[in-house]
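Here is the structure we will look at, set down as structure tokens.
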Amino acid sequence: MTTILEKDDKASLIRLLNEDKVGIFPVDTIYGLNARANEKNQEKLYEIKNRPKSKSFITLLTVSQLKASGLIVPEILYSVFPESLTVILMGKDNVTHAVRVPDDENLLSVIDETGPLFSTSVNQSGSESLLEYSTILPRYEGKVDFIVRNDEIRGGLASTLVDMSRKPYRIIRQGKYDASDLLDYS
């Protein structure tokens, strides 16, 4: 059974995430399918999305969590984040990771309490993203542990995606944030 949370029920959201529940709620761009970043939840997300395991998820984190991540972070990002910008960074293990410090103080305070979150668009892999609560509920009720209702969210634009794992940097997906200035730092 899927629990429906109201948009201002932050305490329940944090509790459910810390219990390793998978849920749908608005992030700083569009609704996201989200869970704490761990292997168990990663498997749940792959199953819910019917997504190939060769495609990873975005990790939402705070600036301090990014600094402690062990990823190779171009210094310019610390003056840009938080922003609706997802960047692909290289880890010291030569594995790439997509990360975003969301431009939403409420969400950042949740992440501060839960630790980093895996996030992905609300859809079946390869399909269009669902952007409104009224279309998300009938498709995902019973498939996720909880959904946050926010009838004010109507549509939205995904984050801009920039590969900064190697030079020259390149924009993979143009979204809400204009990342053209970042290319100058390649």
Side-chain angles (χ1 to χ4, degrees), residues 1-51 53 55-69 81-87 97-125 127-159 161 175-177:
M1 178 162 171
T2 300
T3 300
I4 305 301
L5 299 178
E6 295 304 320
K7 66 180 179 179
D8 56 355
D9 191 355
K10 184 174 164 183
S12 294
L13 175 62
I14 290 168
R15 178 181 52 78
L16 289 167
L17 288 168
N18 281 332
E19 292 173 357
D20 282 331
K21 303 297 184 189
V22 175
I24 296 172
F25 54 89
V27 294
D28 60 326
T29 51
I30 59 177
Y31 266 95
L33 177 59
N34 307 288
R36 280 194 329 158
N38 62 45
E39 195 172 314
K40 175 182 167 187
N41 288 335
Q42 185 176 33
E43 291 304 314
K44 290 181 193 176
L45 290 170
Y46 279 123
E47 185 177 320
I48 291 166
K49 273 194 72 99
N50 193 28
R51 184 177 182 137
K53 291 188 178 182
K55 295 179 81 177
S56 60
F57 299 109
I58 294 169
T59 302
L60 302 178
L61 34 58
T62 65
V63 169
S64 61
Q65 291 165 348
L66 179 61
K67 287 180 179 178
S69 69
F81 282 140
E83 188 55 76
S84 56
L85 168 69
T86 300
V87 293
H97 302 269
V99 298
R100 181 165 82 247
V101 177
D103 189 17
D104 180 311
E105 286 183 33
N106 188 53
L107 180 55
L108 287 171
S109 68
V110 168
I111 295 168
D112 219 26
E113 297 282 330
T114 63
L117 301 175
F118 284 138
S119 186
T120 184
S121 56
V122 181
N123 62 340
Q124 291 297 294
S125 192
S127 300
E128 287 291 315
S129 297
L130 300 179
L131 302 174
E132 296 179 12
Y133 174 79
S134 62
T135 56
I136 291 169
L137 181 61
R139 294 240 186 112
Y140 284 89
E141 190 169 22
K143 295 179 182 175
V144 296
D145 298 307
F146 67 92
I147 300 174
V148 173
R149 178 198 336 253
N150 188 340
D151 295 322
E152 296 168 13
I153 303 294
R154 300 264 185 237
L157 193 56
S159 64
L161 178 61
K176 192 173 176 181
Y177 176 74

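For the single chain, residues carry numbers from 1 onward in sequence order. Please read these numbers as outputs of a predicted model, since none were measured by experiment.
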Fill in the blank from the handout: Here the gap from Leu5 atom CG to Ile147 atom CD1, rounded to the nearest 0.5 Å, amounts to 9.5 Å

Completion exercise
Interatomic distance, OG@Ser12 vs CD1@Ile4, rounded to 0.5 Å, equals 12.5 Å

Problem - Rounded distance (nearest 0.5 Å) linking atom OG of Ser121 with atom CG of Leu131 - result: 9.0 Å

Problem - Test item: Lys21 side-chain N/O and Val144 main-chain N/O as donor-acceptor pair under 3.5 Å - result: no

Problem - Side chains of Leu16 and Asp145 in contact at under 4.5 Å (non-hydrogen atoms) - result: no

Problem - Within 6.0 angstrom of Glu105 CD, more than 12 heavy atoms from elsewhere - result: no

Practice task
Check the side chains of Thr2 and Lys143 for a donor-acceptor pair under 3.5 angstrom, ignoring hydrogens and angles.
Solution key: no

Problem - Sequence-distant partners of Asn106, side-chain hydrogen bond (donor to acceptor under 3.5 Å, both in side chains), two or more places apart - result: none

Practice task
Examine distances only and state if a side-chain atom of Gln65 and a backbone atom of Thr62 form a donor-acceptor pair shorter than 3.5 Å.
Solution key: yes

Problem - Heavy-atom side-chain proximity of Asn41 to Lys44 below 4.5 angstrom - result: yes

Practice task
Evaluate the side-chain proximity of Leu157 to Thr29: yes if any heavy-atom separation is below 4.5 Å, no if none is.
Solution key: no

Practice task
Could you tell me whether a side-chain N or O of Asn50 sits under 3.5 Å from a main-chain N or O of Gln124, the two making a donor and an acceptor?
Solution key: no

Handout entry: Within 6.0 angstrom of Glu47 CD, more than 12 heavy atoms from elsewhere
Key = no

Handout entry: Side-chain heavy atoms of Phe146 within contact of Leu17, under 4.5 Å
Key = yes

Completion exercise
Contacts of Phe118 meeting ring pair (Phe, Tyr, Trp, His ring centres under 6.0 Å) (sequence neighbours excluded), chain-then-number -> none

Handout entry: Whether Tyr46 side chain and Lys53 backbone form a donor-acceptor pair below 3.5 Å
Key = yes

Exercise for the section: Begin from the C-alpha positions of Val99 and Ile58 and carry the test side chain to side chain contact (heavy atoms under 4.5 Å, CB included) through to its verdict. Expected result: CA-CA 5 Å; Val99 298; Ile58 294 169; 5.9 Å; no

Completion exercise
Sorted by chain and number, sequence neighbours left out, side-chain contact (heavy atoms from CB on, under 4.5 Å) with Asp103 holds for Asp28, Pro82, Glu83

Practice task
Output all residues satisfying side-chain hydrogen bond (donor to acceptor under 3.5 Å, both in side chains) with Lys7, sequence neighbours left out; order by chain, then residue number.
Solution key: Glu152

Problem - Close side-chain approach of Arg139 and Leu130, heavy atoms under 4.5 Å - result: yes

Practice task
Could you tell me whether a side-chain N or O of Tyr31 sits under 3.5 Å from a main-chain N or O of Val148, the two making a donor and an acceptor?
Solution key: yes

Handout entry: Side chain to side chain, Asn150 and Tyr133, heavy atoms closer than 4.5 Å
Key = no

Problem - Sequence-distant partners of Ser159, side-chain hydrogen bond (donor to acceptor under 3.5 Å, both in side chains), two or more places apart - result: Thr86, Arg100, Arg173

Exercise for the section: Could you pull out all residues at least two apart from Phe25 that satisfy ring pair (Phe, Tyr, Trp, His ring centres under 6.0 Å)? Expected result: none

Problem - Derivation and outcome, side chain to side chain contact (heavy atoms under 4.5 Å, CB included), residues Glu128 and Asn123 - result: CA-CA 6 Å; Glu128 287 291 315; Asn123 62 340; over 6 Å; no

Exercise for the section: To the nearest 0.5 angstrom, please state how far the CG atom of Asp8 sits from the CG atom of Leu13. Expected result: 11.0 Å

Handout entry: Residue pair Ala158 / Ile30: nearest heavy atoms and the distance that separates them
Key = N-CG2, 4.2 Å

Handout entry: Check: Arg51 and Thr120 side chains under 4.5 Å, non-hydrogen atoms
Key = yes

Fill in the blank from the handout: Of Asn34, Leu33, Leu117, Val110, the one forming a side-chain contact (heavy atoms from CB on, under 4.5 Å) with Val27 is Asn34

Exercise for the section: Could you please spell out the steps behind the side chain to side chain contact (heavy atoms under 4.5 Å, CB included) verdict for Gln42 and Leu45? Expected result: CA-CA 5 Å; Gln42 185 176 33; Leu45 290 170; 5.7 Å; no

Problem - Heavy-atom check, side chain of Asp20 versus side chain of Asn38, under 4.5 Å - result: yes

Fill in the blank from the handout: Taken to the nearest 0.5 Å, the spacing of Asp104 CG from Ser84 OG works out to 11.0 Å

